[in-house]
Number of protein chains: 2
Amino acid sequence: MLTPTEENYLKAIFKIAEREKKAVSTNAIAKQMKTSAASVTDMLKKLSEKELIYYEKYKGVSLTPTGNKAATHLIRKHRLWEVFLVNKLRFAWHQVHEIAEELEHIDSEELISRLDAFLDYPKFDPHGDPIPNADGRFTLRNQINLSDMSVTQTGIVLGVKESETEFLKHLTKINIKLGSEITILGKTDFDQSLRISIDTKYEEVISQKVSQSILMKRK
Amino acid sequence: MLTPTEENYLKAIFKIAEREKKAVSTNAIAKQMKTSAASVTDMLKKLSEKELIYYEKYKGVSLTPTGNKAATHLIRKHRLWEVFLVNKLRFAWHQVHEIAEELEHIDSEELISRLDAFLDYPKFDPHGDPIPNADGRFTLRNQINLSDMSVTQTGIVLGVKESETEFLKHLTKINIKLGSEITILGKTDFDQSLRISIDTKYEEVISQKVSQSILMKRK
DNA sequence: ATTGATTTTTAGAGTAATCTAAATTTCGTC
DNA sequence: GACGAAATTTAGATTACTCTAAAAATCAAT
Ligand SMILES: [Mn+2]
Ligand SMILES: [Mn+2]
Ligand SMILES: [Mn+2]
Ligand SMILES: [Mn+2]
């Protein structure tokens with residue numbers, strides 16, 4: 001039905017649309033897919049032909065209901081595989097994205113529903129991202145950037161906004177993981193860097209670049 | 001390094017070479033791959049170029065050591081995934097081949113070594129086929145076709161030579177599975193069909209076509 | 001509103017895999 | 001050893017995806 005490449009494009013469009021509310025531009029897709037704008041235009045024509053996206057030349061694109069469903073399902077598969085890799089195969093959270101990028105394209109409904117059951121119907125992946133259920137519904141949570149919390153406040157790490165290997169390895173090195181309790185001990189006005197305590201055991205200074213990519217639940 | 005298609009061709013060549021001792025013919029590969037002889041010739045040139053097969057026009061092919069290693073590794077991945085699907089996700093043995101056909105191409109050494117450990121280093125897959133270890137070595141067993149056993153003899157089912165869905169479903173229906181104890185109660189000279197008892201509980205008549213595809217250990 | 005920069009599309013071409021039909025080589029039998 | 005059948009290769013196309021370079025459209029700033 002859909003090729004892996006077509007699926008990847010739909011996912012890219014979904015993710016861009018998720019953060020920017022307007023029509024998704026060719027260049028934005030090219031950047032996300034690490035490909036040329038010309039290749040993107042080719043694919044947009046194809047996806048439009050298949051009625052997976054709304055596309056008007058020079059105006060950007062958005063997903064049709066069918067396209068949205070396909071993208072959501074791909075994300076579901078990706079995140080379920082990530083849970084499998086971390087919870088069952090004991091991979092570290094920075095090792096799983098690339099592998100899931102391949103596994104997500106395996107085409108079997110039965111496989112995914114059994115995997116979901118095997119993992120006990122997880123609602124979030126190892127990076128704290130919500131896993132859509134079989135109907136495509138995401139579990140919503142109130143979450144706030146660590147960078148938006150104030151001094152003396154405490155919270156629990158719910159997720160990360162970035163899945164870059166080096167970023168995740170950095171967090172691991174300073175003992176930050178999902179569920180960690182972080183208290184803001186101080187803030188430097190100049191660069192917005194934070195001095196924090198982690199699980200009341202460790203004390204670290206983190207840059208704004210880091211604190212903006214950590215999602216928290218206020219405690 | 002290798003595309004999924006190239007890997008599939010190498011596996012096909014390996015499997016044909018395994019049963020017929022001579023050079024593997026273009027037509028045999030075409031049949032195994034369900035593709036045209038012309039496509040096979042194209043691919044043989046490519047694989048030869050990459051030094052994965054020895055190829056002489058009109059003379060058939062065989063695997064080089066590199067090609068053999070690649071094929072063996074693919075078979076290892078395929079069979080490990082089948083064990084996962086049956087033992088962990090509770091698929092029936094007739095449901096897993098197609099899915100493993102996709103999973104086998106996922107490219108991650110780390111994934112396979114962790115999967116192997118997670119499954120407890122299985123030596124045989126759900127159809128009784130040996131799983132090569134990381135060095136490519138297969139575990140060998142003395143096994144005999146059920147069709148070659150004589151009346152009154154008893155044995156244990158070690159595996160099947162065929163993974164056709166309909167064949168496996170048929171075996172399941174008559175209560176034959178890996179580990180079943182089968183005793184030959186009688187043989188019809190005319191068509192070599194067998195009357196057998198299964199686990200001392202069931203009695204069935206099976207055709208030669210079936211008995212030739214069941215591998216046994218004499219008891 | 002013109003102009004210059006940016007974005008997007010088109011043109012033209014390349015690689016990987018596939019096909020059918022035609023040409024060529026090999027095999028098997030007399 | 002000749003000859004017809006079978007197997008194999010070559011020729012020529014097609015589809016999916018990609019690229020660079022050039023053309024066209026849009027945006028943004030004066
Ligand atoms: Mn992908
Ligand atoms: Mn994730
Ligand atoms: Mn395969
Ligand atoms: Mn098998």
Side-chain angles (χ1 to χ4, degrees), chain A residues 1-13 16-17 19-63 67 70-71 74 101-102 104-107, chain B residues 1-13 16-17 19-63 67 70-71 74 101-102 104-107:
Chain A
M1 179 72 219
L2 294 184
T3 66
T5 308
E6 289 169 338
E7 289 189 319
N8 286 341
Y9 272 95
L10 293 175
K11 187 172 66 165
I13 294 165
I16 296 161
R19 51 175 195 261
E20 339 249 331
K21 316 223 138 192
K22 50 188 194 285
V24 174
S25 74
T26 299
N27 260 2
I29 299 167
K31 191 177 169 189
Q32 175 87 19
M33 295 288 296
K34 298 184 208 300
T35 189
S36 71
S39 299
V40 173
T41 300
D42 285 348
M43 183 57 82
L44 294 183
K45 284 179 194 162
K46 198 173 152 203
L47 295 175
S48 174
E49 198 59 46
K50 292 192 174 188
E51 301 190 34
L52 294 159
I53 59 172
Y54 300 115
Y55 172 48
E56 235 187 311
K57 267 195 198 176
Y58 293 104
K59 302 292 184 185
V61 302
S62 61
L63 295 173
L74 188 67
E101 206 56 51
E102 295 192 48
E104 69 188 4
H105 300 290
I106 304 292
D107 180 27
Chain B
M1 180 68 219
L2 294 183
T3 67
T5 307
E6 289 169 339
E7 289 189 320
N8 286 342
Y9 271 95
L10 293 175
K11 188 172 66 165
I13 294 165
I16 297 162
R19 50 175 195 260
E20 340 248 330
K21 316 224 139 191
K22 52 188 192 285
V24 174
S25 75
T26 299
N27 261 1
I29 298 167
K31 192 176 169 190
Q32 175 87 20
M33 295 287 297
K34 297 184 209 299
T35 191
S36 71
S39 300
V40 173
T41 300
D42 285 348
M43 183 56 81
L44 294 183
K45 284 178 194 161
K46 199 174 149 201
L47 294 175
S48 174
E49 198 59 45
K50 292 193 174 189
E51 301 191 34
L52 294 159
I53 59 173
Y54 300 114
Y55 174 46
E56 234 188 311
K57 267 195 198 177
Y58 293 103
K59 302 291 184 185
V61 302
S62 61
L63 295 173
L74 188 67
E101 207 55 51
E102 295 192 47
E104 69 187 3
H105 301 289
I106 304 292
D107 180 28

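Numbered from 1 within each chain, the chains take letters A, B, ... in sequence-line order. Predicted model, so just to flag it, every value in this text is computed and none were measured.
Between B/T41 and B/Y55 the shortest side-chain heavy-atom distance falls below 4.5 Å. Residues A/E6 and A/K50 are in side-chain contact: their nearest non-hydrogen atoms beyond the backbone lie under 4.5 Å apart. No side-chain heavy atom of B/L10 sits under 4.5 Å from any side-chain heavy atom of B/L74.
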Under 3.5 Å, which protein N or O atoms sit close to an N or O of nucleotides 24-29 of chain D? Give each pair with its distance.
unit_1, atom_1, unit_2, atom_2, d
D/dA25, O4', A/Y58, OH, 3.3

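Remark: P of D/dT9 and OH of B/Y55 are 3 Å apart, rounded to the nearest angstrom. Here the C1' atom of nucleotide C/dA16 and the CE atom of B/M1 are 16 Å apart, to the nearest Å. Rounded to a whole Å, the CG atom of A/L44 is 16 Å from the P atom of D/dA16. Atom NZ of B/K22 and atom P of D/dA7 are 12 Å apart (whole Å). Atom NZ in B/K34 sits roughly 13 Å away from atom P in C/dC19 (whole-Å rounding). Between B/D42 atom CG and C/dA21 atom C1' the separation is 14 Å, expressed in whole Å. Computed from coordinates, the A/K31 NZ to C/dT7 C1' distance equals 15 Å when rounded to whole Å. One atom, CD1 of A/I29, and another, P of D/dT18, lie 13 Å apart when rounded to the nearest Å.
Taking side-chain N and O atoms only, B/T35 has a distance below 4.0 Å to OP1 or OP2 of C/dC19. Within the 4.0 Å cut-off from OP1 or OP2 of C/dT9, at least one side-chain nitrogen or oxygen of A/T41 is found. Residue A/N27 has a polar side-chain atom (N or O) positioned under 4.0 Å from OP1 or OP2 of C/dT8.
Residues passing the salt bridge (charged side-chain N to carboxylate O under 4.0 Å, His left out) test with B/E101 are B/K11, sequence neighbours excluded.
Checked against A/L2 for a side-chain contact (heavy atoms from CB on, under 4.5 Å), the options A/N8, A/L52, A/L47 give a single hit: A/L52. Each of B/V40, B/I29, B/T5 was evaluated against B/T35; a single residue qualifies, B/V40, per the side-chain contact (heavy atoms from CB on, under 4.5 Å) test.
Of the inter-residue distances, the one linking A/M43 atom CE with A/K45 atom NZ reads 12.5 Å to the nearest 0.5 angstrom.
As judged by a 4.0 angstrom heavy-atom cut-off over every strand, B/S39 is placed among the base-contacting residues. Here B/S36 lies in heavy-atom contact (under 4.0 Å) with a base.
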